[in-house]
Amino acid sequence: MGIELTIGTYRYEHTEALFDGRVKIEGVDATLETEPLVSDLFRYMLEGRYGIAELGLTYFLRTFDLEDAPFMALPIFPNRNFRHSAVFVNTEAGIEKPQDLAGKTIGEFALFGHDAGVWPKGILSDEYGVTVDQCRWVIGGTDHPIPAFDWLPQPVPDGVHVRHTDDGQTLGAMLESGEIDALISVDVPQAMVRGSTKIARLFPDYENVERDYYRRTGIFPPMHIVAVRKDLVHRSEDLRSVYRAFVKAKDLAERKYIEGAAKQHMSLVTPWFSSLFEHNRSLLGEDWWPYGMRANRRAVDTFLRYHHEQGLSKRLLTSRDIFIPEFLDT
């Protein structure tokens, strides 16, 4: 029997094989746990429940400003998403282009600098000249009130105005009413889902904008990594087993779609999925959800820069600071 480890990760299609036993973590007596809300996994990892767990990149990086940073990372990226589509605007706020966000009041889901916020704010700064200090920020839940996340550091840079929503307020309702001008959120406001004409995306043609972003940068933005408690970092072979298992589970998920193409993905309920799959594959390549450092270094370094520029890290961290050294060559 190998080392006993409790591992927390969301039950995605590319981690499913770890949960159902198709992929074993060799040499490790692993217990896999998940939660309905991925942020609960983050909280439990920070509170010491897991030895290894999925963590949002910003949640992970904030711990490096503690006196003794408790984690290092494996280059496993279980959650990634293009995020131009995460910016919503009130249609009466006079926001026609990204530059119009300057001087506006913007809501942000959960905390100042959530993972789905760091990316678009960095892009807005790099490509449109809109920086975080040019806006006012309101933090809260998109469609359900949430308290402040008091279980992790919440840095706010000098000169940036940030407040939390009042009790009972939601950012989606505030956006629809015009109390805030824009919203950056991992969740689509329910008012928009219901067809409200008061809310639109900043980038209405977001798919083509995001595809163009990938063509220019090669970045498919990672949101989360897999963190390891520092007292386990020396267990190199066990960690390599964990890494190999996550890769194998992800590869099985990709293979399902590759093999399904021969039958025009007849097992799926989405029409014309095969056309979308071919389109994506031609742009993103054979391994469109890569793990390891070589395929992700540019994306990671970009996020680290954004995190520092937005006042969320005291110093500019590098990949060598945050990843377990044995995995820098993956």
Side-chain angles (χ1 to χ4, degrees), residues 39 41-48 50 53-77 79-80 83 86 106-127 129-140 147-164 184 186 219 221-233 293 296-325 327-328:
S39 59
L41 290 172
F42 304 165
R43 179 172 187 168
Y44 295 150
M45 181 59 165
L46 290 170
E47 292 176 346
Y50 305 121
E54 177 179 354
L55 262 184
L57 264 170
T58 185
Y59 296 79
F60 170 69
L61 294 177
R62 289 163 194 252
T63 67
F64 281 79
D65 284 339
L66 300 175
E67 185 173 341
D68 185 18
F71 311 122
M72 294 291 283
L74 291 169
I76 300 167
F77 304 91
N79 185 303
R80 62 203 313 154
R83 288 306 188 192
I106 304 176
E108 184 169 3
F109 175 78
L111 70 162
F112 178 72
H114 76 309
D115 295 305
V118 172
W119 278 108
K121 284 190 275 190
I123 292 168
L124 287 168
S125 176
D126 275 359
E127 302 197 353
V130 180
T131 55
V132 294
D133 60 310
Q134 295 174 346
C135 307
R136 298 172 296 277
W137 300 91
V138 182
I139 310 305
F149 285 7
D150 59 2
W151 39 271
L152 82 163
Q154 302 245 7
V156 174
D158 293 340
V160 177
H161 183 269
V162 179
R163 70 173 181 87
H164 199 277
I184 299 177
V186 66
I219 294 175
M223 302 290 144
H224 304 167
I225 48 81
V226 169
V228 178
R229 278 200 333 252
K230 274 191 174 175
D231 63 295
L232 297 172
V233 166
M293 287 306 304
N296 290 284
R297 189 177 299 274
R298 183 175 185 182
V300 169
D301 288 346
T302 299
F303 190 93
L304 293 174
R305 175 170 63 85
Y306 288 167
H307 208 256
H308 178 60
E309 289 176 349
Q310 293 169 30
L312 304 174
S313 292
K314 291 179 181 177
R315 62 188 177 95
L316 178 59
L317 296 162
T318 70
S319 294
R320 290 188 175 275
D321 293 319
I322 66 173
F323 287 100
I324 297 170
F327 292 85
L328 290 171

Next item on the list: Examine the side chains of T58 and R62 and answer whether a donor and an acceptor come within less than 3.5 Å of each other.
Entry: yes

Next item on the list: Mark yes or no for whether Q310, through its side chain, and V118, through its backbone, hold a donor-acceptor pair below 3.5 Å.
Entry: yes

Notebook entry, point to check: Would you find a donor on one side and an acceptor on the other, under 3.5 Å apart, between the side chain of T63 and the backbone of F60?
Noted result: yes

Check: What orientation do Y59 and F149 show, parallel under 30°, tilted 30 to 60°, or perpendicular over 60°?
Finding: tilted

Margin query: Would you say that Q154 contacts I139 through its side chain, given a criterion of any heavy-atom pair below 4.5 Å between the two side chains?
Written below: no

Next item on the list: Please lay out, stage by stage, how L304 and D301 fare under the test side chain to side chain contact (heavy atoms under 4.5 Å, CB included).
Entry: CA-CA 5 Å; L304 293 174; D301 288 346; 4.1 Å; yes

Note to self: So which atom in I184 and which in P120 form the shortest heavy-atom distance, rounded to 0.1 Å?
What the structure shows: CG2-CG, 3.8 Å

Check: Can you name the closest pair of heavy atoms from P75 and M293 and give their distance?
Finding: CB-SD, 3.8 Å

Item checked: From CA spacing to verdict: side chain to side chain contact (heavy atoms under 4.5 Å, CB included), L152, L111 -> CA-CA 10 Å; L152 82 163; L111 70 162; 4.3 Å; yes

Next item on the list: Can you measure from CG (L46) to CZ (F71) and round to the nearest 0.5 angstrom?
Entry: 5.0 Å

Checklist line | Flag, side chain of W137 to backbone of G113, donor-acceptor distance under 3.5 Å | finding: no

Item checked: Test applied, side-chain hydrogen bond (donor to acceptor under 3.5 Å, both in side chains); reference residue, R305; option that passes from E309, H308, H307 -> E309

Margin query: Nearest 0.5 Å, please: how far is CE in M223 from NE2 in H114?
Written below: 8.5 Å

Check: So do L66 and P153 actually touch side chain to side chain, heavy atoms under 4.5 Å?
Finding: yes

Check: Taking N79 for the side chain and H224 for the main chain, is one N or O donor matched with an acceptor at less than 3.5 Å?
Finding: no

Note to self: In terms of relative ring orientation, are F303 and W119 parallel, tilted or perpendicular, with 30° and 60° separating the classes?
What the structure shows: tilted

